[in-house]
S.K.: 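Here it is, the structure in full.
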Amino acid sequence: MSVINQVVNRLEQRGLELEDGESVHAVHASRDSGLLKIALVVVLLVALFMIFWRIGSIYMNGRHSAPEAPNVNNAIPAAASAGKVIQPLGTEMLPAQSGLVLKLSPSASLDRLPEEAATPLLTMKHDRVESGQVGERTIPKTERATAVQTVQEQQILPPIKQISAAQKLDAEFRRALEMLQQGHVIEAQAVFENVIRQDPGHDAARQALISLLMDTKRNIEAEQVLIDGLNNRPNHTGFIMLLARLQIERNALDQALSTLEAGLPYAEQLPEYHAFYAALLQRKLRHQDAVKHYRFALNMVPDKGIWLMGYGISLQALAQTVEAKQAYQKALDTHTLSPGLQVFVQQKLKGL
C-alpha cells in the first residue's frame, strides 16, 4: 500500500505543476500519462501476487498441520481400566482422524485367558504425521492383572456339592416320614423298604418300618424285618428285646427265650435286659435262673419296684420266705407300683 501512496502523491505534485507552469509542452504531458498507467498496472499485479501468495501459504499450512493427538490415557476403553472383559472381534481400528490405532490380537480371547498369560493383549498406537514417529503404549501391569484376575474368577465355577450315598438315603428316609405324617402309609413303607435294601444298617429306617408294621397289626412281617436286622447286626440288643416281645405276644415263649439267650453276651451292662430275661424264665418256672438275673439287674438298679416284686415271687417259689418278704416290702416302699400291683404284693405278704 505504501507504493500506491507514493504514486498518488507524485501525480498530485505533477498536476499542480501543470496548472502553475504554462511553459510545459503537451508532448511532456502525454509521456507522463503513459508512465502513470504502467506504474498502476505494476502496482496492481504486485498486490494481486501478494494476495494469492498469502492465500496459498495459509492453504498449504492447513494441509500439513496435524491435529493435536488426544490423550492416550483417556483413549483406553473404560471396560479395560475397570478390569472388565473385552471380547475382541479381530483387529479394530479407531477413526483415522483421531490418529490412534487400537490393536487387538486376533488369536487372543479375553474370555479364556491362559493362567500363564504374562504379555499384554492390548496396546495403544498413535501416529504423528508432522513428526513421522510412531509411539506405542502398553496397558499398565496393574490394569492387566486386574483384567486377568477378573477373567480367571469368571472361569472358576463354584464347587459342586458332593452328596454321599448315605446322605441321599437319609433324605429318602425323611421324605418317607413326611409321607407317613400325611397318611400315605403304603408309599412310606415302600420308601423305608428301599432305604433298608440299599443300606441294611440304616437302623432309623428299619425301626420306622417296624413301627409302621406293628401299628397296622402286621407283627409277623415286623418280626421278619427284625430278624433281617439281627442277621446284619447280631449285637443290637434293642432289636433282640423287641423281637422277643413280639414272639411272647403270639405265645412263642421258647422262641423268645432262645432269642434272649442269644443276646446275653451283648447285654452284660443292661439291667433291663436281665430283668426282662428273668421274667420270661419265671413264666417258664425256671425260678432259680430267674432269681440269678433279677439279682444282677437289682444290683445296678436297686429301687425298681416291678423287679423287686418279680424277685420276691421267684424267691417265694423257691421257699426262701424271709428274702421273699424283704423283696415284697421293698417293692411297696418304692411307691412305683400301680394300685393293682400294690394290692397283689400286699396279698403275697399276708400269705407268707
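Please read these numbers as outputs of a predicted model, since none were measured by experiment.
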S.K.: Yes or no on side chain to side chain contact (heavy atoms under 4.5 Å, CB included) for Val225 and Glu221, after CA distance, side-chain angles and deciding distance?
M.R.: CA-CA 6 Å; Val225 174; Glu221 295 180 36; 5.6 Å; no
S.K.: Kindly work out whether a path of hydrophobic side-chain contacts (I/L/V/M/F/W/Y, heavy atoms less than 4.5 Å apart) joins Leu253 to Leu257.
M.R.: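 Both belong to a single hydrophobic cluster.
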S.K.: Using the test side chain to side chain donor-acceptor pair (under 3.5 Å), find all partners of Ser314 that sit at least two apart in sequence or belong to another chain.
M.R.: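 Partners of Ser314 by the side chain to side chain donor-acceptor pair (under 3.5 Å) criterion, ordered by chain and then number, come out as Gln282, His287.
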S.K.: Can you tell me how far CZ of Arg175 sits from CG of Leu169, rounded to the nearest 0.5 angstrom?
M.R.: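 The CG atom of Leu169 sits 11.5 Å away from the CZ atom of Arg175.
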S.K.: Is Asn194 close to Val191 at the side-chain level, that is, under 4.5 Å between some pair of heavy atoms?
M.R.: no
S.K.: Of all the heavy-atom pairs spanning Ala327 and Tyr311, show the shortest one and how long it is.
M.R.: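 Shortest heavy-atom separation between Ala327 and Tyr311 comes out as CB-CD2, 3.9 Å.
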S.K.: Would Tyr294 end up clustered with Leu341 when hydrophobic side chains under 4.5 Å apart are linked, directly or stepwise?
M.R.: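 Both belong to a single hydrophobic cluster.
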S.K.: Can you see which heavy atom on Pro271 is nearest to which on Ala297, and at what distance?
M.R.: O-CB, 3.4 Å
S.K.: Can you name the side chain to side chain donor-acceptor pair (under 3.5 Å) partners of Asn251, sequence neighbours left out?
M.R.: none
S.K.: Should Val195 and Ile227 be regarded as members of a common hydrophobic cluster, given that ILVMFWY residues are connected when their side-chain heavy atoms come within less than 4.5 Å of each other, either directly or indirectly?
M.R.: no
S.K.: Only counting residues at least two apart or in another chain, list the ones meeting ring-ring contact (aromatic ring centres under 6.0 Å, His included) with His236.
M.R.: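 Here the qualifying residues are Phe239.
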S.K.: Listing request: all side-chain hydrogen bond (donor to acceptor under 3.5 Å, both in side chains) pairs with a residue in residues 200-213, at least two apart in sequence or in separate chains.
M.R.: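 Every side-chain hydrogen bond (donor to acceptor under 3.5 Å, both in side chains) pair that includes a residue of residues 200-213, provided the two are not neighbours, is Asp170-His202, Asp203-Arg233.
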S.K.: Side-chain atoms of residues 176-190: list all donor-acceptor pairs with protein atoms under 3.5 Å, sequence neighbours left out, distances to 0.1 Å.
M.R.:
| unit_1 | atom_1 | unit_2 | atom_2 | d |
| --- | --- | --- | --- | --- |
| Gln189 | OE1 | Arg218 | NH1 | 3.4 |
| Gln189 | OE1 | Arg218 | NH2 | 2.9 |
| Gln189 | NE2 | Glu193 | OE2 | 3.0 |

S.K.: Would Leu349 and Leu332 count as a side chain to side chain contact (heavy atoms under 4.5 Å, CB included) if you check the C-alpha gap in whole Å, the side-chain angles of each, and the deciding distance to 0.1 Å?
M.R.: CA-CA 10 Å; Leu349 281 174; Leu332 291 173; 3.7 Å; yes
S.K.: Is there a side chain to side chain contact (heavy atoms under 4.5 Å, CB included) between Thr321 and Gln316 once you walk through the steps?
M.R.: CA-CA 6 Å; Thr321 306; Gln316 186 179 2; over 6 Å; no
S.K.: At what distance, to the nearest 0.5 angstrom, does OG1 of Thr237 lie from OH of Tyr266?
M.R.: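 Interatomic distance, Thr237 OG1 to Tyr266 OH, rounded to 0.5 Å: 11.0 Å.
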S.K.: Name the residue from Leu298, Ile313, Leu337 that meets the side-chain contact (heavy atoms from CB on, under 4.5 Å) definition with Leu308.
M.R.: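 That would be Leu298.
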S.K.: Could you give all pairs that pass the salt bridge (charged side-chain N to carboxylate O under 4.0 Å, His left out) test and reach residues 250-262, with sequence neighbours left out?
M.R.: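 Every salt bridge (charged side-chain N to carboxylate O under 4.0 Å, His left out) pair that includes a residue of residues 250-262, provided the two are not neighbours, is Glu223-Arg250, Asp254-Lys284, Glu261-Arg286.
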S.K.: Just how far is it from atom OG1 of Thr334 to atom CE of Met309, taken to the nearest 0.5 Å?
M.R.: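 Answer rounded to 0.5 Å: 10.5 Å.
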S.K.: How close do Phe173 and Ala208 get, counting heavy atoms only, and between which atoms?
M.R.: CE1-CB, 4.0 Å
S.K.: Taking the side chain as every heavy atom from C-beta outward, state whether Lys304 and Thr336 have any pair of such atoms under 4.5 Å apart.
M.R.: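 Result no, sub-4.5 Å side-chain heavy-atom pair not found.
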S.K.: Quick one: do the Gln247 and Thr259 side chains pair a donor with an acceptor below 3.5 Å?
M.R.: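 Side-chain D/A pair, Gln247 to Thr259: present.
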S.K.: Under a 4.5 Å side-chain heavy-atom rule over Ile, Leu, Val, Met, Phe, Trp and Tyr, are Val301 and Ile306 clustered together?
M.R.: yes
S.K.: Work out which heavy atom in Val345 is nearest to a heavy atom in Tyr328; give both atom names and the distance.
M.R.: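 So the minimum-distance heavy-atom pair works out to CG1-O, 3.5 Å.
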S.K.: Where the side chain of Asn299 meets the backbone of Arg295, is there a donor-acceptor pair that is under 3.5 Å apart?
M.R.: yes
S.K.: Nearest 0.5 angstrom please: Glu323 CD to Leu318 CG, how far?
M.R.: 9.5 Å
S.K.: Taking Tyr277 as the starting point, is it possible to reach Leu315 by hopping between hydrophobic residues whose side chains are less than 4.5 Å apart?
M.R.: no
S.K.: What do the steps show when you test Arg283 against Ile248 for side chain to side chain contact (heavy atoms under 4.5 Å, CB included), and what is the final call?
M.R.: CA-CA 11 Å; Arg283 291 183 63 176; Ile248 292 172; 3.5 Å; yes
S.K.: Can you tell me how far apart CG (Leu230) and CD1 (Ile240) are? Round to the nearest 0.5 Å.
M.R.: 5.5 Å
S.K.: What is the distance from atom CZ of Arg245 to atom CG of Leu280, rounded to the nearest 0.5 Å?
M.R.: 10.5 Å
S.K.: For Gln255 and Ala252, indicate whether the former's side chain and the latter's backbone hold a donor-acceptor pair under 3.5 Å.
M.R.: no
S.K.: Between Glu268 and Phe296, which heavy-atom pair has the shortest distance, and what is it?
M.R.: O-CZ, 2.8 Å
S.K.: Would you say Met214 and Leu242 make side-chain contact, with heavy atoms under 4.5 Å?
M.R.: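 Yes; the side chains approach each other to less than 4.5 Å.
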S.K.: Provide the closest heavy-atom pair for Ala244 versus Phe276 in the form atom of the first, atom of the second, distance.
M.R.: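 Smallest heavy-atom distance, with atoms named: CB-CE2, 4.0 Å.
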